[in-house]
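This report concerns only the one structure given below.
Note: hydrogens, waters and symmetry copies are ignored here, and every other heavy atom, side chains too, is used. Below, chains carry the letters A, B, ... as their sequence lines are ordered, and counting in each starts from 1.
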There are 2 protein chains.
Amino acid sequence: MESSSAASGGSTRREATRQKLYEAAVTLIAEQGFSATTVDEIAERAGVAKGTVYYNFASKSVLFEELLRHGVGLLTASLREAAERTAREGGSKVDALDAMIRAGLVFIDRYPAFTQLYVAELWRTNRAWQSTLMVVRQQAVAVVEDVLRDGVAGGEFSEEIDVPLTAAALVGMVLVAALDWKSFQPERSLDDVHAALSRLLQGRVSGCR
Amino acid sequence: MESSSAASGGSTRREATRQKLYEAAVTLIAEQGFSATTVDEIAERAGVAKGTVYYNFASKSVLFEELLRHGVGLLTASLREAAERTAREGGSKVDALDAMIRAGLVFIDRYPAFTQLYVAELWRTNRAWQSTLMVVRQQAVAVVEDVLRDGVAGGEFSEEIDVPLTAAALVGMVLVAALDWKSFQPERSLDDVHAALSRLLQGRVSGCR
DNA sequence: GTTTTTGCACTGACCAGTCAGTTCAAATTC
DNA sequence: GAATTTGAACTGACTGGTCAGTGCAAAAAC
């Protein structure tokens, strides 16, 4: 069985509808939040009947959870790819972190709505999809932690750094700087933002040059 | 005329009720989001009848907006105080940034729910309180920008740094690291977190020691 | 002929906001 | 100082509207 046609991801009609629904849901939920977004709105924006939403997803929350998994999958793949490319090209671990910062910015540039929604939901408690979020967060942060640990092991980073905390802080720095960029200074170029963050990472703000 | 009793701030019954409502609303909205939180829940948690909420605030959104203003007022006061104290004691601008990082962490330690809610709502568009948020965000970031600008003027920081972007990144770094601390590693001490962020700020992660 | 989508009417729960009425402490009157 | 009035603060049942989710017959796509 397997209809099969495209390599991975499956290009059935069903898949195309689900994709349209993801796209509609992500912008609406980023703008308004999950509870303030109605299923009717999502269907309308996707150009699809309401019944179709329920034919494709068990419920509104399930649609949202799958959307989260889908988006974070794209992000981690992109981060990991950046780290590996740097390694292949013989770059240092700082270079790898720098490349990941850029990859993060590129991702946010392409999917600002998803990022917004992710940040808004990440630290909530008591919500149905909390466990999904935990898993998905760990996936992303783990990529950064791996690079930091390798750097410490290889003597490039100080032994004193706190890997989980530093990874979280780095991710936060990129996330918040990028959201601010998109919301409040959209005229700035990606290179500007990357340069500012790079400088901060390498301590070229205070003291050492 | 005028019942008058306490000096400033007003210690009327009304004020006490509003305070209870703020406290109830902040935790509920942090946990569930604005739209998912009902006015009945807020009233119940505050130990007050629903009508009282509407006697004290024009609407659910107005309650929320005043809550935001109230909370950010506390934060900026604390940040500014930290910067001024450092200046008074003859510290450098890096010392001032470091003190502000600590002040931020202390604030988040004390009011985690408020911080959570602030981050969750900050980058949303199309919401009634968007303009309130913009104003309130600028107040907080401006304190950091001022210190950076002074540092550049005094030759302590590189002329090349992008003040608004760097300020946003620093705020984001603290915000996200702190929320992660509270949500995922609450056993860590404030000093641990402060040390990790301090190290990052001073570039003692990569290269220069 | 099977899978997927449509369109639409319907239900039942939930919820923001309202309003007529209650409470009570302080002010006023006698 | 007891009796009465006042009004700010509070109450909670009620209303009108909204929305997630259902059911289903017919059409379209494959």
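Per the geometry, CD belonging to A:E44 stands 12 Å off P belonging to C:dG7, to the nearest Å. Atom OH of B:Y54 and atom C1' of C:dT18 are 10 Å apart (whole Å). Atom-to-atom, CG of B:L21 to P of D:dA9 comes out at 13 Å; the value is rounded to the nearest Å. Put simply, CD on A:Q19 is 14 Å from P on C:dT5, counting in whole angstrom units. Per the geometry, CZ belonging to B:F57 stands 16 Å off C1' belonging to C:dA16, to the nearest Å. Following rounding to the nearest Å, B:E15 (CD) and D:dA8 (C1') show an atom-to-atom distance of 15 Å. To the nearest angstrom, C1' of C:dA25 lies 17 Å from CZ of B:R14.
If you take NE2 on A:H194 and CG on A:D98, they are separated by 3.5 Å, rounding to the nearest 0.5 Å.
In the model, B:D180 has a side-chain atom that pairs as donor or acceptor with a side-chain atom of A:W123 under 3.5 Å. Defined by atom type and a distance below 3.5 Å, a donor-acceptor pair is missing between the side-chain atoms of B:D95 and B:T86.
Side chain of A:A49, nearest nucleotide from D:dA20, C:dG7, C:dT4: C:dG7. The side chain of B:N56 lies closest to D:dC10 when the candidates are D:dT22, D:dC10, D:dT11. Relative to the side chain of B:T17, the nucleotides C:dT6, C:dG17, D:dC10 differ in distance, and D:dC10 lies closest.
Among B:Y22, B:F64, B:F114, the single residue meeting the ring-ring contact (aromatic ring centres under 6.0 Å, His included) criterion with B:H70 is B:Y22.
More than 12 non-hydrogen atoms from other residues, nucleotides or ligands lie less than 6.0 angstrom from CD of A:Q138. In the displayed structure, A:Q19 atom CD is contacted under 6.0 Å by more than 12 heavy atoms of other residues, nucleotides or ligands.
In this structure, A:Y55 does not reach the C:dT5 phosphate: none of its side-chain N or O atoms is under 4.0 Å from OP1 or OP2. Close to D:dA9, at under 4.0 Å from its OP1 or OP2, lies no side-chain N or O of B:T52.
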Restricting both atoms to N or O, compile the protein contacts to nucleotides 8-15 of chain C shorter than 3.5 Å, with distance only.
none

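Here the closest heavy-atom approach between residue A:L148 and residue A:A167 is recorded as CD1-N, 3.7 Å.
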